[in-house]
Visitor: 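Take this structure first; my questions come after.
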Amino acid sequence: MKRNYKWLLKRIIKGNIAVLIGMIFVYFAIGILRSCSVLVVQKIIALVNTPNNTMLILLVAAFVAIEIFKSLESSISEISELYLQKRIFNNFYKDLCEKIHNVSILHFDSAKFLISLERARKAIDFKIIDFIKQFFSLVAVFSTILSLCMVIADIDIKFLMYFIIMSIIQNVILFLNSRDTVELFKNQDKNWHKENYYKDLLQNRVYSKEIRDYNCYQWIADKRINNYNTIMDEHILFSKKWSVINIMAGILLFLLEGGMFVLVFYQLYNDILTADVAVLLIQTQMLFCGTIFSCIEYFTNIKEDISYMDSLLEVMGKSDSCVKRKKSINGDIELNHIYFEYHRDKMILEDINLNIQKGDKLALIGENGSGKSTLAKILIGLIEPSEGEILQANWESAAIFQDFSRFFLKVKEEIWVGNLDEDIKQFRQFYTIDKKFDFIQELPKGEETFLGPEIYEDGVELSGGQWQKLALLRAIISKAELIIFDEPTAALDPIAEKECFQEIEDLLKEKTVIIITHRIGLTKYSNKIVFLQNGRIIEQGTYEQLMSNTNGIFRNYYQEQSKWYK
């Protein structure tokens, strides 16, 4: 996949040019001042035994000023980085949220995509700003190295070559170590993804009831321990390998550094070098090698940061090949020869032809795996078919899925979240009058009650049926013209389910409704029934038409299910 680094750079620069230029100037100045500090110390030592007190005082004052500016650099950088982080987060996060909102939900079934998404979020949270920080640090490093090379070459070119050789040996080792470290962390992303999942299983109260009931806590804990031990074992092997290499490299560098000291003291003893120049060489050697070391470290960090930014670009570059939806001329929804293939290896829907008119009450019936929910997701645009033609009416849609979302917010916000453009006061009266929503007023603070005891100290937990009623309410009071109920009353008993649909039937009179259900009795509320089997429409028609077909699959399905209630 081609990486759109140009887009990334534009988003980083957007609105931040002045701050970025200022940071370049500060970091470049810091790099030069590091070398100047060493030179000033050398000049001070040279003038200690001379009567030129004025120059000595000026040099000391200059040294103090340099050190003060260097100490202020961290504060200046921190403020600039925090400002940039805020702007970068705002620039990128909205783009990422929009992409997540529009990308096919099938991607969320892919562990690879979820790992990339997690890395993309980390890129926005702190890796992009870290990249900028490392880049500017390199600016400071290059200015330090350049100025140090000029200082050392002015003393003796042989010392410069000696320092370069030491730095090369030191940093080749560091480069190889850093390369392997980045690769190790990247390879361990999958295991860390599992680690986070196991940790959530063991700590999330949603799973705690079944884990206790089945007494499988220790079994899951063992899985987490085994996964964690795998991660740690890889780290230990990595550390053992590089500990040996670093010890050998350390001995070699110690001998080289010792040789440099011997050479400096030899020249000092024979009056080839003065004391101030000898001190200058020792200081420059330490600063030069340390700076080169930092340079490789910054390059390594930049490489790691770029790998996270690549994940961001990968997510942002996701495009789904899909059937383009055309606008319906007559205002209906028409599906013509629709096919849907899951990951190109399993056909879920085959040759679906369906017409839905405004105001229709359509029931999708079929066994598990027949493709009902997939068809519903295609209808509201959550996924796109592999083949076929869709003539789409310009309708707003709302859906209540079997695994509907539970938003841990205030009760009124739980309802309002589906109607953000509306004033909640306009529909408050609706759910205060309707008896089946009486439980809202019975809560400690009514509609102001917080939901979710694991989030709020005074948060309240609702029953499954109450959560489902809030989800129903969210869809019913919306402006959506098409509402899809995917097993919407699974948490309700059959009697409560019947009462619920009888009560909301009038409210849905003007809307187009699609009901996905296993309970055949709900089909009586529909004017059209579609029976799916193995991804194909086997029968469709009204309740009376399908029941009159003595050999029909729907009739047989109805009779088999009705036996449970005899």
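Position 1 is the first residue of the sequence; numbering continues from there.
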Visitor: Look only at the side chain of Asp360 and the backbone of Asn527, and say whether a donor-acceptor pair between them is shorter than 3.5 Å.
Guide: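 It does not hold such a pair.
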Visitor: Report the residues that fulfil side chain to side chain contact (heavy atoms under 4.5 Å, CB included) with Phe407, sequence neighbours left out, ordered by chain and then residue number.
Guide: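 Testing Phe407 for side chain to side chain contact (heavy atoms under 4.5 Å, CB included), a comparison that skips the adjacent residues, returns Ser405, Leu409, Glu414, Val417, Arg474.
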Visitor: Under the side chain to side chain donor-acceptor pair (under 3.5 Å) test, which residues partner Glu304, sequence neighbours left out?
Guide: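 Testing Glu304 for side chain to side chain donor-acceptor pair (under 3.5 Å), a comparison that skips the adjacent residues, returns Lys127.
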Visitor: Do Asn353 side-chain atoms and Asn336 backbone N/O form a donor-acceptor pair below 3.5 Å?
Guide: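 No, because the side chain of Asn353 does not come within donor-acceptor range (under 3.5 Å) of the backbone of Asn336.
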Visitor: For the CD atom of Gln540 and the CD1 atom of Ile365, what is their distance to the nearest 0.5 Å?
Guide: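 Rounded to the nearest 0.5 Å, the CD-CD1 separation comes out at 13.0 Å.
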Visitor: Ignoring hydrogens and angles, tell me if any N or O in the side chain of Ser386 forms a donor-acceptor pair with the backbone of Glu341 under 3.5 Å.
Guide: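 Here the side-chain-to-backbone pair exists.
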Visitor: For Asp125, what residues pass the salt bridge (Lys or Arg N to Asp or Glu O under 4.0 Å) criterion, not counting sequence neighbours?
Guide: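 Applying salt bridge (Lys or Arg N to Asp or Glu O under 4.0 Å) to Asp125 gives none.
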Visitor: Can you confirm whether more than 12 heavy atoms, excluding those of Tyr93, are under 6.0 Å from its OH atom?
Guide: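 12 or below, so no.
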Visitor: Determine whether more than 12 heavy atoms belonging to other residues, nucleotides or ligands lie under 6.0 Å from atom CD of Glu396.
Guide: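 Atom CD in Glu396 is not crowded, with 12 or fewer foreign heavy atoms closer than 6.0 Å.
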Visitor: Kindly check if the number of other-residue, nucleotide or ligand heavy atoms within 6.0 Å of OH (Tyr217) is above 12?
Guide: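 No, not enclosed.
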Visitor: Partners of Glu350 by side chain to side chain contact (heavy atoms under 4.5 Å, CB included), sequence neighbours excluded?
Guide: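 Expected list: Tyr339, Met347, Arg536.
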Visitor: Look only at the side chain of Thr512 and the backbone of Gly359, and say whether a donor-acceptor pair between them is shorter than 3.5 Å.
Guide: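 Judged by distance alone, yes, a pair lies under 3.5 Å.
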Visitor: With no hydrogens and no angle check, do the side chains of Asn549 and Gln545 hold a donor and an acceptor under 3.5 Å apart?
Guide: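 Checked: Asn549/Gln545 side chains show no N/O donor-acceptor pair below 3.5 Å.
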Visitor: Does anything in residues 538-551 pair up under salt bridge (Lys or Arg N to Asp or Glu O under 4.0 Å), and if so which pairs, sequence neighbours excluded?
Guide: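 For residues 538-551: none.
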Visitor: If you measure from CD on Gln85 to CG on Asp130, what distance do you get to the nearest 0.5 Å?
Guide: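 So the gap between those two atoms works out to 10.0 Å.
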Visitor: Examine distances only and state if a side-chain atom of Asn227 and a backbone atom of Lys223 form a donor-acceptor pair shorter than 3.5 Å.
Guide: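 Here the side-chain-to-backbone pair does not exist.
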Visitor: Any side-chain to backbone donor/acceptor pair from Asn102 onto Glu98? Under 3.5 Å, distance only.
Guide: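 Flag set: sc Asn102 to bb Glu98 pair under 3.5 Å.
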Visitor: Hey, does Leu84 have a side-chain heavy atom less than 4.5 Å from the side chain of Met23?
Guide: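 Touching, per the 4.5 Å side-chain cut-off.
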Visitor: Got Ile415 and Ile440 here, is their nearest side-chain heavy-atom distance under 4.5 Å?
Guide: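 Yes, their side chains come closer than 4.5 Å.
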Visitor: Apply salt bridge (Lys or Arg N to Asp or Glu O under 4.0 Å) to Glu367 and list each qualifying residue two or more places apart in sequence or on a separate chain.
Guide: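 Partners of Glu367 by the salt bridge (Lys or Arg N to Asp or Glu O under 4.0 Å) criterion come out as none, since no residue qualifies.
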Visitor: At what distance, to the nearest 0.5 angstrom, does CD1 of Ile516 lie from CG of Asp486?
Guide: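 Answer rounded to 0.5 Å: 4.0 Å.
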Visitor: Tell me, do Ile390 and Pro385 make a side-chain contact under 4.5 Å, heavy atoms counted?
Guide: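 Contact flag for Ile390/Pro385 side chains = yes.
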Visitor: Measure from the side-chain N and O atoms of Glu81 to the backbone N and O of Ile129, and report whether any donor-acceptor pair falls under 3.5 Å.
Guide: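 Checking the backbone N and O of Ile129 against the side chain of Glu81, no donor-acceptor pair under 3.5 Å is found.
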Visitor: State which residues pass side chain to side chain donor-acceptor pair (under 3.5 Å) with Tyr228; sequence neighbours excluded, sorted by chain then number.
Guide: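 Listed in chain order: nothing, the list is empty.
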Visitor: Any chance the side chains of Tyr5 and Asp310 put a donor and an acceptor closer than 3.5 Å?
Guide: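 Indeed, the side chains of Tyr5 and Asp310 share at least one donor-acceptor pair under 3.5 Å.
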Visitor: Quick one: are the ring centres of Phe439 and Trp467 less than 6.0 Å apart?
Guide: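 So the answer is no for these two rings.
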Visitor: Heavy atoms, side chains only, cut-off 4.5 Å: are Phe531 and Leu546 in contact?
Guide: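 Phe531 does not reach Leu546 side chain to side chain.
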Visitor: Of all residues at least two apart in sequence or in a different chain, which pass the salt bridge (Lys or Arg N to Asp or Glu O under 4.0 Å) check with Asp200?
Guide: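 Testing Asp200 for salt bridge (Lys or Arg N to Asp or Glu O under 4.0 Å), a comparison that skips the adjacent residues, returns none.
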Visitor: Would you compute the distance between atom CG of Leu201 and atom CG of Asn196 and round it to the nearest 0.5 angstrom?
Guide: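 It is 11.5 Å, given to the nearest 0.5 Å.
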Visitor: Would you say His107 and Leu117 make side-chain contact, with heavy atoms under 4.5 Å?
Guide: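 SC-SC contact between His107 and Leu117 ruled out.
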Visitor: More than 12 heavy atoms of other residues, nucleotides or ligands under 6.0 Å from CD1 of Ile17: yes or no?
Guide: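 No, not enclosed.
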Visitor: Mind checking side chain to side chain donor-acceptor pair (under 3.5 Å) for Lys377 and listing every partner two or more places apart, or none if nothing turns up?
Guide: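 With neighbours one apart ignored, the set is empty.
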Visitor: Could you tell me if the side chain of Phe401 sits less than 4.5 Å from the side chain of Leu382, heavy atoms only?
Guide: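 Result yes, sub-4.5 Å side-chain heavy-atom pair found.
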Visitor: Under 4.0 Å between a Lys/Arg side-chain N and an Asp/Glu carboxylate O for Lys412 and Glu448?
Guide: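 Judged by the 4.0 Å cut-off on N to carboxylate O distance, Lys412 and Glu448 do form a salt bridge.
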Visitor: Rounded at 0.5 Å granularity, tell me how far CD1 in Ile128 sits from CD1 in Ile12.
Guide: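 If I round to the nearest 0.5 Å, the distance is 5.5 Å.
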Visitor: For Thr550 and Arg555, work out which heavy atoms get closest and say how close.
Guide: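 In terms of heavy atoms, the two residues are closest at CA-CD, 3.6 Å.
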Visitor: Restricting to salt bridge (Lys or Arg N to Asp or Glu O under 4.0 Å), what partner residues turn up for Glu481, sequence neighbours left out?
Guide: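 Applying salt bridge (Lys or Arg N to Asp or Glu O under 4.0 Å) to Glu481 gives Lys358.
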Visitor: How close do Leu96 and Met316 get, heavy atom to heavy atom, and via which atoms?
Guide: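 Here Leu96 and Met316 meet closest at CA-SD, 3.8 Å.
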Visitor: With a 4.5 Å heavy-atom cut-off, do Leu335 and Leu375 have their side chains touching?
Guide: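 They are in side-chain contact.
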Visitor: Checking Asn229 now: which residues fulfil side chain to side chain donor-acceptor pair (under 3.5 Å) with it, not counting sequence neighbours?
Guide: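 For Asn229, no residue satisfies side chain to side chain donor-acceptor pair (under 3.5 Å) once neighbours in sequence are set aside.
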Visitor: So with a 6.0 Å cut-off around CG of Asn226, is the heavy-atom count from everything else above 12?
Guide: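 More than 12 heavy atoms, drawn from other residues, nucleotides or ligands, come within 6.0 Å of this atom.
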Visitor: Do the side chain of Asn355 and the main chain of Glu334 share a donor and acceptor less than 3.5 angstrom apart?
Guide: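 No: the side chain of Asn355 does not pair with the backbone of Glu334.
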Visitor: If you look only at pairs with a residue in residues 187-196, which of them pass as a salt bridge (Lys or Arg N to Asp or Glu O under 4.0 Å), with sequence neighbours excluded?
Guide: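 Applying salt bridge (Lys or Arg N to Asp or Glu O under 4.0 Å) to every pair that reaches into residues 187-196, excluding sequence neighbours, yields Arg119-Asp189, Glu195-Arg224.
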Visitor: If you measure from CZ on Phe185 to OH on Tyr308, what distance do you get to the nearest 0.5 Å?
Guide: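 It comes to 8.5 Å.
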